[in-house]
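Here the structure comes first, spelled out in structure tokens, and everything after it is commentary.
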Amino acid sequence: MSSARARGFGWYAGVPCSYLTPFINYVLEDSSLRYVSMANEGDAVAFIAGVALGGTAQGSHGRGIAMMQNSGLGMR
């Protein structure tokens, strides 16, 4: 995770999920990172795209990670 922070990834968005709990907790425990809980994965991707397009208050490009997992995509 520190390698992601070193590359400027400070925003994380995703859907709360038991598979991602350790990853989400790591982000929540680090005050230099921001996590936004979303309703679905599409919202997470859209939010992170907005972070990249909107940039930061310092005028640089924002960087973020959309967290998602696959426990049977398309399986019913």
Side-chain angles (χ1 to χ4, degrees):
M1 185 69 77
S2 61
S3 61
R5 184 186 311 107
R7 289 174 176 79
F9 291 92
W11 286 91
Y12 294 79
V15 179
C17 155
S18 61
Y19 291 108
L20 294 175
T21 298
F23 188 22
I24 293 169
N25 285 341
Y26 180 87
V27 172
L28 290 172
E29 291 171 5
D30 188 331
S31 62
S32 69
L33 304 175
R34 293 179 177 96
Y35 172 75
V36 180
S37 180
M38 301 308 241
N40 59 57
E41 289 81 359
D43 288 348
V45 171
F47 178 82
I48 294 302
V51 166
L53 292 171
T56 66
Q58 293 77 26
S60 64
H61 292 288
R63 298 188 90 184
I65 295 174
M67 299 184 287
M68 55 187 80
Q69 61 86 26
N70 174 9
S71 60
L73 182 65
M75 307 297 250
R76 300 232 185 236

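This one's a predicted model, so the numbers in the text were calculated from it and none came from an experiment.
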Checklist entry - At their closest point, which heavy atom of D30 faces which heavy atom of S32, and how far apart are they? => result OD1-OG, 2.7 Å
Checklist entry - With ring centroids as reference points, do W11 and F47 lie under 6.0 angstrom apart? => result yes
Next on the checklist: Using every non-hydrogen atom in the two residues, find where G42 and N40 come nearest and quote the distance to one decimal.
Outcome noted: N-OD1, 3.0 Å
Checklist entry - After noting the C-alpha distance and the side-chain angles of R63 and V51, does the key distance pass the side-chain contact (heavy atoms from CB on, under 4.5 Å) rule? => result CA-CA 6 Å; R63 298 188 90 184; V51 166; 6.0 Å; no
Checklist entry - Roughly how far, to the nearest 0.5 Å, is CD1 of I65 from CZ of R7? => result 10.5 Å
Checklist outcome for this item: Here the gap from L28 atom CG to R34 atom CZ, rounded to the nearest 0.5 Å, amounts to 13.0 Å
Next on the checklist: To the closest 0.5 Å, what do you measure between OG (S3) and CZ (F9)?
Outcome noted: 9.5 Å
Checklist outcome for this item: Closest heavy-atom pair, L20 versus V15, reported as atoms and distance to 0.1 Å, is CD1-O, 4.3 Å
Checklist entry - So, do V45 and M68 sit near enough that their side-chain heavy atoms are less than 4.5 Å apart? => result yes
Item to check | Nearest-0.5 Å distance, CD of residue E41 to SG of residue C17 | outcome: 8.5 Å
Next on the checklist: Go through it in stages, so that I can follow the logic: the residues are Y35 and I24, the test is side-chain contact (heavy atoms from CB on, under 4.5 Å), and I'd like the CA-CA distance, side-chain angles, deciding distance and then a yes or no.
Outcome noted: CA-CA 8 Å; Y35 172 75; I24 293 169; 3.6 Å; yes
